[in-house]
Amino acid sequence: MSKTKYSTQQCGTCGKETKMEIIGAVVGAENKVWYRCTRCHHSMMIDSSVQQKKKDNVIKINRDECIDYSPEKVYDIGAAIYHLDWDDMGKVKSKEKTSSGGNAIWVEFEKNGPKRLIENLQLAD
Ligand SMILES: [Zn+2]
């Protein structure tokens, strides 16, 4: 009697993170494994090498490393910033001049995606 193994995976059929029964590996492709969803009982093949790649692409930002965003501050490219209103962290990707001659930064946010923000804002008087 072999013990049944389970792994939590995103089911492509019910679209939820569910407990999946591991049915077996694909012969000749050690990264590919057949799973059976314990909710909808559909079988699916998951390529763990693809999943690994996806994980690597996610920007991992530590909240402790973030500078709180404020339009008067100046940021370096690659700096991690935290936007309080959006409760979102991002990394400065590039800088540009705004049409009014001000300074702006492009930030790739974890939740909101790329956003342009004002930096080095000169407050009048
Ligand atoms: Zn399912």
Side-chain angles (χ1 to χ4, degrees):
M1 284 282 282
S2 64
K3 223 173 126 198
T4 311
K5 286 183 181 169
Y6 293 97
S7 169
T8 303
Q9 297 287 345
Q10 176 96 25
C11 175
T13 307
C14 49
K16 291 200 167 72
E17 290 253 329
T18 57
K19 207 165 92 169
M20 296 276 206
E21 185 187 338
I22 297 169
I23 305 167
V26 176
V27 179
E30 64 270 29
N31 290 324
K32 292 175 182 171
V33 178
W34 280 99
Y35 291 91
R36 188 190 291 121
C37 179
T38 54
R39 285 170 71 102
C40 65
H41 303 291
H42 273 91
S43 300
M44 59 187 272
M45 192 184 69
I46 293 175
D47 189 336
S48 60
S49 62
V50 171
Q51 287 205 321
Q52 197 57 49
K53 257 187 206 144
K54 270 191 197 162
K55 260 184 203 159
D56 291 345
N57 285 341
V58 174
I59 329 161
K60 273 279 157 229
I61 303 171
N62 201 334
R63 174 68 183 91
D64 299 335
E65 294 168 7
C66 292
I67 308 157
D68 288 351
Y69 172 70
S70 164
E72 301 98 61
K73 287 181 188 168
V74 179
Y75 304 91
D76 295 324
I77 289 172
I81 69 170
Y82 175 74
H83 199 293
L84 193 67
D85 293 343
W86 301 337
D87 185 28
D88 203 357
M89 294 180 285
K91 283 214 164 169
V92 180
K93 291 289 170 189
S94 60
K95 295 191 175 214
E96 66 176 42
K97 289 274 178 194
T98 64
S99 53
S100 56
N103 296 293
I105 47 171
W106 276 100
V107 182
E108 183 75 32
F109 280 101
E110 285 187 331
K111 287 187 254 175
N112 290 289
K115 293 277 176 196
R116 197 178 78 159
L117 298 169
I118 297 299
E119 72 158 0
N120 198 16
L121 182 70
Q122 307 293 320
L123 296 170
D125 297 320

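Whatever order the structure lists them in is the order used to number ligands and atoms, beginning at 1.
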Is it the case that more than 12 heavy atoms not belonging to Lys95 sit under 6.0 Å from its NZ atom?
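Yes, enclosed.
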Residues Lys73 and Asn120: side-chain donor-acceptor under 3.5 angstrom:
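Not at all, the side chains of Lys73 and Asn120 share no donor-acceptor pair under 3.5 Å.
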Would you call the rings of His83 and Tyr69 parallel, tilted or perpendicular if under 30° counts as parallel and over 60° as perpendicular?
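Judged by the thresholds at 30° and 60°, the geometry between His83 and Tyr69 is parallel.
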Give a rough value, rounded to 10 degrees, for the angle at the Zn ion (ligand 1) between atoms SG of Cys40 and SG of Cys14.
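With the Zn ion (ligand 1) as the vertex, the angle is close to 120°.
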Specify whether an N/O/S atom of His41 falls short of 2.8 Å from the Zn ion (ligand 1).
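No, His41 does not qualify, because none of its backbone or side-chain N, O or S atoms lies under 2.8 Å.
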Got an N, O or S from Cys37 under 2.8 Å of the Zn ion (ligand 1)?
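Yes, Cys37 qualifies, because one of its backbone or side-chain N, O or S atoms lies under 2.8 Å.
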Begin from the C-alpha positions of Arg63 and Asp68 and carry the test salt bridge (Lys or Arg N to Asp or Glu O under 4.0 Å) through to its verdict.
CA-CA 10 Å; Arg63 174 68 183 91; Asp68 288 351; 3.3 Å; yes
